[in-house]
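Please read the structure below before turning to the comments.
Remember, it's 1-based here, ligands and their atoms both numbered in the order they're listed. A quick note: this is a predicted structure, and the numbers were derived from the prediction, not measured.
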Amino acid sequence: MSTIRIGVIGFGWMGQAHSRGCRRAPSYFLDRDYEPELVVVSDTVAARRDDAVRSFGFQRAVTDWHEVIDAPDVDVVFVTAPNMLHVEMVEAAAAAGKNVFCEKPVGGTPRQTVVAERAARHAGIITGVGYNYRWAPLVQYAKELIDTGALGTITNYYGRFFSMYGSDPLGLLSWRFLVEQAGHGVSTDILSHSVDLGHYLVGGISKVLGTGETFIKQRPLPTGGGTHYDRGKPGDPTGEVTNEDYIGMMCVFENGARGTFEACRSMVGPESQNSFEVYGTKGSVAWNFEKMNELRVYIAAEHKHTGFTTVYGGDRFPPHGNFVPGSANSIGFEDLICIEDHEFLQSLAAGRQHTPGFTDALRYVSVQDAVLRSWESGHWEDVHSLKED
Ligand SMILES: NC(=O)c1ccc[n+]([C@@H]2O[C@H](COP(=O)([O-])OP(=O)(O)OC[C@H]3O[C@@H](n4cnc5c(N)ncnc54)[C@H](O)[C@@H]3O)[C@@H](O)[C@H]2O)c1
């Protein structure tokens, strides 16, 4: 069993989630090929560095992220800093020959993802990307139903990610709302999760027609930090939101299926509605992260004209049973991160390229590039691979 020594850059929501995921994985995945070791974390906030050592078990914490990459006792770097910092960190890790897990979408713009993918490919490092929702056991079951032909030929796909995080105009102007720190808005942030699920379940996309909008144009300025879940007060000084709240697109899949995708962060109502509906000639499935332990299934041969049946998550859908036995005993968001981390560490232990990795991230930003072009042109746009030699 190989020891995998881990460094983390950015110890906010996802840096902490992956640190817990890696630390918890051994007790859920007894039949594994690695031992994780939390070595060093970097964050610019002193309190977070202290938490990492005192409460998460890291051996040390540093201010300068270069020290994580340069550390001789680090095998893999988790990049969980704001999007616009990803590329510089990935390039440095690739140059040092360190494997990288980078949170989605790898950079803040399609161009940055292209640069990161190229650097990683040329360096021959193993990469992973944080498309965690595909690891939900019931999403895996949906894929099995599609791949085994239980739904027949897939004709229609509807993917959306409607999140509450920007629905309150008093939500702080954190890095996510600023083009220079986040890159694009929801097309970079949550649409990328939907595009991952669309590719995973149905396949590649060949052309798109897209549009976008920024509905809330000013937000309170953060004083002393704060994330996209924190709130200002009425009358606080405000600043301009510089990336989009909403993206919608119609698309044609390479296999001929037709699809629609939407992502929005400023809607009132949906809370964390990362969802899909897949329709085929023999049946359909529908899933919504807000009820991630339920999959709605309709197989025409079994339930003609009876409508959808609800299938509950449980230990018959691996690896749900690693976390909790029985049926309808729920798992949650961080369990998906733990599954994701386990799968990535298994790939590292085997020395094989991981999926989803930077190759997948590049495919998704090629779609994002087409939707941004379409928003500007007002016409259908073909998806071209942005891959560079
Ligand atoms: N897969 C998912 O479900 C999911 C969910 C949320 C965020 N994300 C992704 O994770 C990444 C981080 O998002 P988050 O929500 O955790 O953000 P966050 O703001 O909670 O955390 C970012 C952390 O990076 C630190 N940081 C900033 N500049 C730094 C620097 N120069 N060196 C070291 N640390 C620095 C900040 O102090 C902060 O602690 C983003 O790429 C985001 O797209 C993915």
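Partner of V77 under the side-chain contact (heavy atoms from CB on, under 4.5 Å) criterion, out of I69, I125, N99: I69 alone. The only member of T113, I9, V79 that meets side-chain contact (heavy atoms from CB on, under 4.5 Å) when paired with H86 is V79.
Relative to the six-membered ring of Y165, R265 misses at least one condition, a distance below 6.0 Å or an angle of at most 45° to the axis. Judged by the 6.0 Å and 45° rule, R20 forms no cation-pi pair with F56.
Taking a cut-off of under 4.0 Å to the non-hydrogen atoms of G10, the atoms of ligand 1 that pass are 23 (C), 24 (O), 25 (C), 34 (N). Close contacts between ligand 1 and S42 involve ligand atoms 33 (C), 34 (N) [criterion: under 4.0 Å to a heavy atom]. Listed by atom number, the atoms of ligand 1 under 4.0 Å from H86 heavy atoms are 41 (O). Counting the atoms of ligand 1 from 1 in the order shown, those under 4.0 Å from a heavy atom of V45 are 37 (O). Which parts of ligand 1 touch H193 is read off a 4.0 Å heavy-atom cut-off, strictly below it: atoms 1 (N), 2 (C), 3 (O).
Among the atoms of G130, some N or O lies under 3.5 angstrom from an N or O of ligand 1. Close N/O approach between D43 and ligand 1 is found [any backbone or side-chain N/O within under 3.5 Å]. For ligand 1, the polar-atom distance check finds no N/O of T80 at less than 3.5 Å from any of the ligand's N/O atoms. Some N or O of M14 is nearer than 3.5 Å to an N or O of ligand 1, by distance alone. Geometrically, ligand 1 and D189 share no nitrogen or oxygen pair separated by less than 3.5 Å.
Rounding to the nearest 0.5 Å gives a distance of 10.0 Å between OH of Y28 and CG of N322.
Under the 30°/60° scheme for interplanar angles, the aromatic rings of F261 and F253 are found to be tilted. By the 30° and 60° cut-offs, the orientation of the rings of H354 relative to F344 is perpendicular. Using bins of under 30°, 30° to 60° and over 60° for the plane-to-plane angle, the ring pair Y133/H193 lands in the perpendicular bin.
The local environment of OH in Y312 is sparse, with at most 12 non-hydrogen atoms from other residues, nucleotides or ligands closer than 6.0 Å. Taking a 6.0 Å sphere around CD of E376, one finds it holds 12 or fewer heavy atoms contributed by other residues, nucleotides or ligands.
Protein heavy atom in closest approach to atom 11 (C) of ligand 1: A81 O, 3.6 Å. For atom 20 (O) of ligand 1, the nearest protein heavy atom (residue, atom name, distance) is W13 N, 3.0 Å. Looking from atom 28 (N) of ligand 1 to the surrounding protein, the closest heavy atom is L85 CD1, 3.4 Å. In terms of protein heavy atoms, atom 21 (O) of ligand 1 is closest to G12 CA, 3.3 Å. Taking atom 27 (C) of ligand 1 as the reference point, the nearest protein heavy-atom neighbour is P82 CD, 3.6 Å. Given atom 26 (N) of ligand 1, the protein heavy atom at minimum distance is T44 OG1, 3.8 Å.
In the candidate list N83, V106, N132, N83 is nearest to atom 42 (C) of ligand 1, counting heavy atoms. Ranked by closest heavy atom to atom 39 (O) of ligand 1, the top entry among R48, H18, H66, Q16 is R48. Of the candidates Y229, F289, W175, F333, W175 brings a heavy atom nearest to atom 18 (P) of ligand 1. Proximity annotation for atom 43 (O) of ligand 1: of K104, E103, R49, M89, K104 comes nearest, heavy atoms only.
Checked by atom type, the side-chain pair E244/Y246 shows no donor-acceptor distance below 3.5 Å. There is a side-chain donor-acceptor pair under 3.5 Å between D33 and Q346.
Contact annotation: for W65 versus ligand 1, heavy atoms closer than 4.0 Å belong to the side chain alone. Counting heavy atoms closer than 4.0 Å to ligand 1, residue R176 contributes side-chain atoms (C-beta onward) but none from N, CA, C or O.
When atom types are taken as modelled, the side chain of R219 and the backbone of G239 share no donor-acceptor pair closer than 3.5 angstrom.
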